[in-house]
Amino acid sequence: MASSSDPPDPDWSARFRAPLPRSFYDRPVARVALELLGQVIVRRTLAGWRAGRIVETEAYGAHDPASHSRGGPTARNRSMFAGPGTLYVYRIHQVHCANAVTRPGEAVLLRAVEPLAGPWVNPSGPGRLCRDLALTRAQDGTDLVQGEVRVVASPWNGKRVRGPRIGIRRAVAVPWRFASGDSPWVSRPRPPRWRGPRGKPTYLSLAQS
DNA sequence: TCATTGATTTGCT
DNA sequence: GCAAATCAATGAT
């Protein structure tokens, strides 16, 4: 039943009420990162709805040297241990970045979406995505299944590519960046075909999953 | 309390 | 391609 505060768009309202189940997130983080490609993130605000298709993600593991969770729970990363389907938002430099938490200490960074509905400026890049979705630390710890930001299923037959993650200093060889093979909204040049490790193995045994 | 760091973005060369 | 902006979280002192 609709209340007077519900935004008028019946389509996004209906989708918003049928989010991906929590079990979707309770799987190995790289698989969730891969399968989030093509799904739709829906944001409800007092002003209305925004929806966009996820076209670029990165996976961060529990014992991943590049992950914020590498040293265990802290004031900043506690959402990474709050259970599958939690939204983890942190601030770096002058921007915010949003993640979908999977298993304890693991999360998927949302790097880019393709606008579908509502007002957008340019959500190509993790900081720009959070700006356009109005995500800050106020949304950190909210629930992607029942909260104000949700991910809903959407049919998508795009091609998927993978490559090394961007902007990190540790575990640079791990090929856990996933992107649409043809979306113009991918934030950086598409990963070339993965050529395998160049230097000494670091996190690779886990990264092969 | 102090110094360092960084899952970015932007602008300039 | 490279460096600056700019600040909160973190770790060392």
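Computation of the quantities below employed the complete heavy-atom set of this structure, encompassing side-chain atoms and omitting hydrogens, waters and symmetry-equivalent molecules. Chain letters run A, B, ... following the sequence lines, proteins first, then strands; residues in each count from 1.
Residues satisfying the side chain to side chain contact (heavy atoms under 4.5 Å, CB included) criterion with A:Ala134, sequence neighbours excluded, are A:Arg43. For A:Asn99, the side chain to side chain donor-acceptor pair (under 3.5 Å) criterion is met by no residue, not counting sequence neighbours. With sequence neighbours excluded, the residues forming a side chain to side chain donor-acceptor pair (under 3.5 Å) with A:Asp26 are A:Arg103, listed by chain and number.
The environment of CZ in A:Arg160 is crowded: more than 12 heavy-atom neighbours from other residues, nucleotides or ligands sit within 6.0 Å. In this structure, A:Arg188 places its CZ atom where only 12 or fewer heavy-atom neighbours from other residues, nucleotides or ligands lie under 6.0 Å away. Applying the 6.0 Å contact sphere to CZ of A:Arg27 captures more than 12 heavy atoms from other residues, nucleotides or ligands.
A sub-4.0 Å separation between OP1 or OP2 of B:dT8 and a side-chain N or O of A:Arg131 is absent. Remark: A:Arg169 is not in phosphate contact with B:dA7, judged by side-chain N or O atoms under 4.0 Å from OP1 or OP2.
Mapping A:Gly125 and A:Arg170 onto DNA chain B by nearest heavy atom places A:Arg170 at the nucleotide closer to the 5' end.
To the nearest angstrom, P of B:dG6 lies 16 Å from CG of A:Leu109. Between A:Ile166 atom CD1 and B:dG6 atom C1' there is a gap of 15 Å when expressed in whole angstrom units. Following rounding to the nearest Å, A:Ile168 (CD1) and B:dA7 (P) show an atom-to-atom distance of 8 Å. Taking atom OH of A:Tyr88 as the reference point, atom C1' of B:dA7 lies 9 Å away to the nearest angstrom. Protein atom CD of A:Glu56 is 16 Å distant from nucleotide atom P of B:dA7, rounded to whole Å.
A stacked arrangement is assigned to A:Tyr60 and the six-membered base ring of B:dA7, with a centre-to-centre distance below 5.5 Å and an interplanar angle below 30°.
Pairing analysis of DNA chain B (Watson-Crick: purine N1 to pyrimidine N3 plus N6-O4 or O6-N4; G-U wobble: N1-O2 and O6-N3; both under 3.5 Å) yields stems of 3 or more pairs at B:1-6 with C:7-12, B:8-12 with C:1-5.
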| said: Walk along nucleotides 6-13 of chain C from 5' to 3' and tag each nucleotide B, S or - by protein heavy-atom contact under 4.0 Å, base first, then sugar-phosphate. | reply: BS-SS---

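Minimum interatomic distance between A:Asp132 and A:Asn122 (heavy atoms only, all atoms of both residues): OD2-N, 2.7 Å.
Figure legend: A:Arg22 and A:Tyr25 shown without cation-pi pairing, the cationic atom not lying both under 6.0 angstrom from the six-membered ring centre and within 45 degrees of its axis.
If you run side chain to side chain contact (heavy atoms under 4.5 Å, CB included) between A:Arg177 and each of A:Glu56, A:Arg162, A:Arg190, only A:Glu56 comes through.
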Can you give me the N/O atom pairs linking the protein to nucleotides 11-13 of chain B at distances under 3.5 Å, or say none if there are none?
none

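In this structure, the side chains of A:Trp120 and A:Arg50 come closer than 4.5 Å at one or more pairs of heavy atoms.
A:Gln139 contributes a side-chain N or O that, together with a main-chain N or O of A:Thr136, makes up a donor-acceptor pair within less than 3.5 Å.
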